[in-house]
Amino acid sequence: MSHVNVTTFTIVVALFILVTGVGFGAARWRRAADMMHLDEWGLGGRAFGTFITWFLLGGDLYTAYTFIAVPALVFASGSIGFFAVAYTILVFPIVLIFLPRLWSVSRVHGYVTPADFIRGRYGSRGLALASAFTGILALMPYIALQLVGIQSVLSVMGVGVSSGNTFLQDLPLFIAFLVLAIFTYVSGLRAPAMIAFIKDTLIYLFVLVAIFYLPTRLGGWSHIFSVAQSHFAATNPDTGKPFGTFVPATGSIGATRFDFGALAVGSAVALFLYPHAITGTLAAKSRNTVKRNMIYLPTYSVLLALIALFGYMAVADPVTSADIKKAGGNSQLAVPYLFQHLFPSWFTGIAFAGIIIGALVPAAIMSIAAANLFTRNIYKEFFQPDATPHLQTRVSQWASLVVKIGALLFAVELPHTFSIDLQLLGGIWILQLAPMLIGGLFTRWFHRWALLAGWFAGMIYGTIAAYNVASPTTSHWAGSSDIVFGHTIYIGLSAVIINLVISVVLTLVLRAFKVPAGIDETLPHQYTADPEPAAAPVPAGAGAGAGAGDLPAPSPD
Amino acid sequence: MTQPGSRPRNPVAAHPVTSAAIGILFAANIFFIVYVPVYGTVTPKIGSWPFFYFYLLIFMPVTSLVLWIVTQLQKRLNGAQAGPSGSAGSEGAE
């Protein structure tokens with residue numbers, strides 16, 4: 001374990017240095033006259049075309065943690081892990097229904113965050129605060145999990161683990177994160193957008209090579225599938241139940257067809273409620289850019305399906321299985337061990353670098369999204385209403401650093417199971433934004449206070465219910481993943497139903513008593529508008545000063 | 001200024017067939033992945049691939065195709081909505 005392969009290590013370091021250079025250089029890419037504006041730092045100038053958006057969103061949504069955790073779940077429990085594939089297919093038709101509307105209204109009013117939209121739609125600072133708080137809360141453990149992804153690669157590489165000193169052990173992670181923090185501070189969203197090109201090139205390269213090469217080493221696809229099928233049908237001596245399922249079952253062992261479908265639906269709806277997904281979307285140049293990406297992004301799901309199959313390859317490879325058993329049954333190491341065993345060391349270096357860089361892109365976008373939420377919907381709203389664009393950008397830059405340090409502490413200080421549990425909780429929390437955000441994109445019927453009450457009930461119910469389920473099985477992730485995973489999604493769905501019912505009932509009551517509903521600054525046609533990039537400066541309260549950095553600023557004041 | 005002077009007719013009412021087609025395509029695209037009994041089986045095998053895995057892999061290009069058709073149909077709806085005002089012309093442009 002403590003043996004470091006020099007070739008692998010050198011390639012990883014070289015690619016990391018390349019990415020660092022690109023990250024800093026990105027500040028000069030498509031440079032605007034005034035970079036100290038949130039439209040520039042936080043949204044890359046709102047001018048990314050179809051091609052760049054595809055890389056940015058792909059790099060954003062298909063995170064390194066996904067690349068580690070999905071095959072890990074497949075390795076540990078079989079077919080239920082493929083829910084991730086179903087969900088990333090499902091997400092695009094669902095999102096195509098509401099995301100272009102969010103893009104349009106945000107462009108017209110210069111909204112930077114989803115909470116800006118909530119603020120403008122319902123005229124409610126409290127509701128906007130609730131959504132900003134939820135977004136930040138859900139993003140923190142998500143960023144931490146990107147670090148967990150890096151850690152699992154580093155530990156298989158043998159970097160750092162030989163030392164007993166916790167500081168030295170995590171030193172490589174600290175360095176990686178420090179670099180990430182600084183280039184995000186300097187370049188903003190331009191950095192992950194540019195690095196996403198490198199990330200995707202590496203990941204497509206290693207996945208395509210792996211998918212054709214590895215089966216030849218493992219006796220072909222039919223052998224891989226049949227080994228997996230008999231493995232998951234066999235009885236686990238520890239639990240007395242089968243190890244898992246090879247296709248979603250009809251029985252009730254935590255991996256049924258219903259579990260599969262429910263997980264896919266819950267995750268698909270949640271995905272584009274996450275602020276980082278919305279940040280990636282709002283950076284797009286036009287409404288058509290967003291729509292086209294919903295058509296092209298499923299190509300990443302093909303990639304994810306192939307990556308999920310690595311889990312079965314790890315099952316079919318006796319050496320990898322033995323390595324994982326030796327490492328305490330940590331299935332998160334399935335993909336790193338598989339590559340290390342079957343690839344030449346130089347190619348392992350490329351693959352590992354792909355995963356590490358793949359963690360940096362979403363971590364950067366998530367920290368930018370969280371920082372924008374803090375700046376726009378907490379700092380500017382409650383502490384410094386007259387903050388200039390320059391000051392807002394400065395605050396966001398610092399907030400992105402704080403968010404990342406918080407995530408680093410999460411990853412290093414707390415047990416990984418805690419981050420994973422929190423991230424699953426994050427899924428429940430973020431789903432509670434569905435009524436106000438998705439609902440608000442189509443109707444102004446809901447009352448702001450009713451939505452707030454519904455949100456609160458959903459958050460409380462979801463958190464308590466998830467806590468009660470998770471506590472007896474927190475021992476480790478691999479053994480209980482499917483059960484905990486499944487339950488949290490049901491909780492997410494039931495919590496959002498409670499949320500919705502309360503929102504509807506209270507709206508009826510509040511409307512009956514004619515309680516003021518708040519001022520809606522949006523107009524119906526703005527939800528389908530597709531303004532030119534430069535024509536975005538809108539006087540509206542929340543989004544004042546948008547587009548000032550773009551082109552020959554029209555500034556009609 | 002960008003607001004069209006006269007309120008255009010509801011595009012859904014103006015094009016019931018296109019609208020229905022869009023709705024059906026969306027619904028089918030969602031249903032055939034959510035309703036697992038359609039594909040949650042080992043057989044029939046396609047080559048050495050169990051049906052479940054083959055179906056998931058094939059469904060992605062199918063989704064891309066369906067969503068492409070949907071956006072083309074939507075363009076027609078919106079083209080009608082824009083009418084002579086031209087404000088929504090950018091929808092189809094580029």
Side-chain angles (χ1 to χ4, degrees), chain A residues 79 82 85-90 92-94 96-97 100 108 215 220-226 229 246-250 256-262 264-265 268 285-289 291-292 294-302 304-306 308-309 312 523 525-526 528-532 535, chain B residues 1-4 7-8 11 22-23 25-43 45 47-72 74-75 77-78 81-82 85 87-94:
Chain A
S79 63
F82 279 82
V85 178
Y87 124 61
T88 51
I89 298 172
L90 190 55
F92 297 107
I94 291 179
L96 187 60
I97 296 171
V108 171
W221 282 110
S222 49
H223 179 69
I224 293 170
F225 280 125
S226 69
Q229 188 167 8
F246 184 62
V247 292
T250 42
T256 61
R257 290 166 167 180
F258 180 76
D259 291 301
F260 189 91
V265 173
K285 178 175 65 179
S286 74
R287 190 177 160 94
N288 272 335
T289 305
K291 286 191 172 187
R292 275 198 212 107
M294 298 305 119
I295 298 170
Y296 299 140
L297 277 169
T299 29
Y300 276 96
S301 305
V302 176
L304 186 65
L306 301 178
L309 287 168
Y312 284 160
L523 296 167
H525 74 274
Q526 292 170 342
T528 51
D530 192 9
E532 291 301 306
Chain B
M1 270 309 287
T2 47
Q3 171 122 45
R7 220 192 166 81
I22 291 175
L25 282 173
F26 266 128
N29 201 200
I30 292 171
F31 174 80
F32 281 104
I33 200 77
V34 170
Y35 192 66
V36 185
V38 173
Y39 60 97
T41 55
V42 178
T43 53
K45 286 197 176 184
S48 43
W49 284 57
F51 188 69
F52 175 69
Y53 299 97
F54 181 78
Y55 182 95
L56 280 176
L57 204 63
I58 270 319
F59 208 88
M60 292 166 220
V62 171
T63 298
S64 283
L65 185 68
V66 168
L67 295 186
W68 179 76
I69 295 171
V70 164
T71 51
Q72 295 306 307
Q74 281 179 336
K75 255 181 212 174
L77 282 190
N78 291 324
Q81 184 188 19
S85 84
S87 73
S90 47
E91 182 77 13
E94 198 199 351

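Letters A, B, ... mirror the listed sequences (proteins, then strands); counts begin at 1.
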Rounded to the nearest 0.5 Å, the NZ atom of B:K75 sits from the CG atom of A:N288 at a distance of 5.5 Å
Using non-hydrogen atoms and a 4.5 Å limit, figure out which bit of B:Y53 sits close to chain A: side chain, backbone, both or neither. side chain
When you measure from the side chain of B:S64 to the backbone of A:I295, do you find a donor-acceptor pair of N or O atoms at a distance under 3.5 Å? yes
As an exercise, state the distance from CG of B:L57 to CG of A:L306, rounded to the nearest 0.5 Å. 6.0 Å
Can you tell me which portion of A:Y312 sits under 4.5 Å from chain B's heavy atoms? Options are side chain, backbone, both or neither. side chain
Euclidean distance, A:I224 CD1 relative to B:W49 CH2, rounded to 0.5 Å: 9.0 Å
Student check: side-chain heavy atoms of A:V265 and B:I30 closer than 4.5 Å: no
Is B:V70 in contact with chain A via its backbone, its side chain, both, or neither, using a 4.5 Å heavy-atom distance? side chain
Relative to chain A, which of B:F52, B:F59, B:W68, B:Y39 shows the most heavy atom pairs under 4.5 Å? B:F52
Hey, could you give me the OG/CZ distance between B:S48 and A:F225, rounded to the nearest 0.5 Å? 7.0 Å
Measure the spacing between CG of B:L67 and CE of A:M294 and express it to the nearest 0.5 Å. 9.5 Å
Most contacts with chain B, counted as non-hydrogen pairs under 4.5 angstrom, among A:L96, A:V85, A:L304: A:L96
Non-hydrogen atoms of chain B under 4.5 Å away: do they reach the side chain of A:Q229, the backbone, both or neither? side chain
Can you tell which of B:L56, B:T63, B:I22 has the highest number of heavy-atom pairs within less than 4.5 Å of chain A? B:L56
Name the region of B:Y35, side chain, backbone, both or neither, that has any atom closer than 4.5 Å to a heavy atom of chain A. neither
With respect to chain B, which residue among A:I94, A:L309, A:I89 yields the maximal number of heavy-atom pairs within a distance under 4.5 Å? A:I89
Looking only at A:A305, A:G261, A:S222, A:P93, the option with the highest number of non-hydrogen pairs under 4.5 Å against chain B is A:P93
